[in-house]
Amino acid sequence: QVQLVESGGGLVQAGGSLRLSCAASGRTFSSYVMGWFRQAPGKEREFVAAISWRSGRTNYADSVKGRFTISRDNAKNTVYLQMNSLNSEDTAVYYCAADQFTGLIRTTSHVYDYWGQGTQVTVSS
């Protein structure tokens, strides 16, 4: 059983920064792709960013390129999402997810196998 626990969400003013963390337990993510998704009220869950544990290859949604950075800390089994220049469109519940298929980084939420509980990010303006 894989457990993913997000933390770091909160209330931030527009233009501010926030760093989300996703801590893993139960099984290693060393062979997985780790992704961040977000879901705003009344909207579908959308892809934000992902990283391959083995290669370090990353992928970002166009809406966050240049503002968000995904990274990993192998020793801590933790994935981070550094979010800068936040705006109101970034307000959502952010979820950490793991995809056991490592051949490529996939951006469709339904292919990811494990999910965290989510952490709320609210950007005020």
Side-chain angles (χ1 to χ4, degrees):
Q1 188 74 245
V2 172
Q3 290 184 254
L4 305 175
V5 180
E6 302 98 331
S7 62
L11 178 63
V12 186
Q13 200 162 14
S17 298
L18 206 61
R19 189 178 77 161
L20 305 183
S21 299
C22 175
S25 63
R27 295 168 65 181
T28 181
F29 293 139
S30 62
S31 300
Y32 285 24
V33 167
M34 302 298 301
W36 285 97
F37 292 78
R38 65 187 182 186
Q39 187 168 22
K43 296 183 179 296
E44 294 294 314
R45 192 167 299 182
E46 66 174 348
F47 172 79
V48 177
I51 186 169
S52 169
W53 273 100
R54 286 185 171 178
S55 70
R57 185 176 301 169
T58 60
N59 194 16
Y60 296 92
D62 289 340
S63 60
V64 305
K65 284 183 178 178
R67 298 190 298 123
F68 290 10
T69 303
I70 188 170
S71 62
R72 70 205 193 282
D73 187 328
N74 294 337
K76 296 180 179 180
N77 285 331
T78 300
V79 177
Y80 303 97
L81 184 68
Q82 178 66 48
M83 305 184 294
N84 299 325
S85 301
L86 288 164
N87 58 65
S88 60
E89 301 300 317
D90 298 315
T91 294
V93 176
Y94 283 71
Y95 296 91
C96 178
D99 180 6
Q100 65 182 0
F101 180 73
T102 60
L104 73 164
I105 296 177
R106 301 190 285 182
T107 61
T108 306
S109 62
H110 71 84
V111 305
Y112 281 71
D113 302 291
Y114 307 102
W115 293 85
Q117 84 288 348
T119 185
Q120 176 71 49
V121 173
T122 303
V123 183
S124 63
S125 59

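A distance-only check finds a donor-acceptor pair linking the side chain of Y60 to the backbone of I70 [under 3.5 Å]. In this structure, the side chain of E6 engages the main chain of G118 through a donor-acceptor pair within 3.5 Å. At distances below 3.5 Å, at least one donor-acceptor pair connects side-chain atoms of T91 with backbone N or O atoms of V123.
Of all heavy-atom pairs between V33 and L104, the closest is CG2-O, 4.1 Å. Of all heavy-atom pairs spanning S85 and S17, the tightest one is N-OG, 4.4 Å. Taking all atoms of both residues into account, the shortest heavy-atom contact from W36 to S21 is CH2-O, 3.7 Å. Contact record, A24 with L4: CB-CD2, 4.2 Å, taken as the closest heavy-atom pair. When all heavy atoms of Y112 and A50 are compared, the closest pair comes out as OH-CB, 3.8 Å. The shortest heavy-atom contact between Q39 and K43 is NE2-O, 3.1 Å.
Residues Y80 and C22 are not in side-chain contact: their nearest non-hydrogen atoms beyond the backbone lie 4.5 Å or more apart.
In this structure, CG in L18 is found 9.5 Å from CG in N84, a value given to the nearest 0.5 Å. To the nearest 0.5 Å, atoms CD1 (I105) and OG (S55) are separated by 6.0 Å. With values rounded to the nearest 0.5 angstrom, R72 atom CZ is found 12.0 Å from R54 atom CZ. Summarising the geometry, atom OG belonging to S125 is positioned 9.5 Å from atom CG belonging to N87; distances are rounded to the nearest 0.5 Å. With rounding to the nearest 0.5 Å, the separation of CG in L20 from CD in Q82 is 9.0 Å.
Relative ring orientation between Y94 and F68 is described as tilted, the plane-to-plane angle lying within the 30° to 60° band. Aromatic ring pairs are classed by plane angle as parallel below 30°, tilted from 30° to 60° and perpendicular above 60°; the pair Y95 and W115 is perpendicular.
Within the structure, salt bridge (Lys or Arg N to Asp or Glu O under 4.0 Å) contacts touching residues 8-21 (residues at least two apart or in different chains) do not occur. Pairs passing the salt bridge (Lys or Arg N to Asp or Glu O under 4.0 Å) check and including a residue from residues 105-120, sequence neighbours excluded, read D99-R106.
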Applying side-chain contact (heavy atoms from CB on, under 4.5 Å) to R67 and D90, what does each step give before you reach the verdict? CA-CA 11 Å; R67 298 190 298 123; D90 298 315; 2.8 Å; yes
When you look at W53 and V79, which way does the side-chain contact (heavy atoms from CB on, under 4.5 Å) test go after all the steps? CA-CA 9 Å; W53 273 100; V79 177; 3.4 Å; yes
Between L81 and R38, does the side-chain contact (heavy atoms from CB on, under 4.5 Å) criterion hold? Intermediate values first, please. CA-CA 12 Å; L81 184 68; R38 65 187 182 186; over 6 Å; no
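Other residues, nucleotides and ligands place no more than 12 heavy atoms under 6.0 Å from the CD atom of E89.
Both M34 and V64 belong to a common hydrophobic cluster when Ile, Leu, Val, Met, Phe, Trp and Tyr are linked at side-chain heavy-atom distances under 4.5 angstrom. When the side chains of ILVMFWY residues are joined at heavy-atom separations under 4.5 Å, either directly or via intervening members, V111 and F37 end up in a single hydrophobic cluster.
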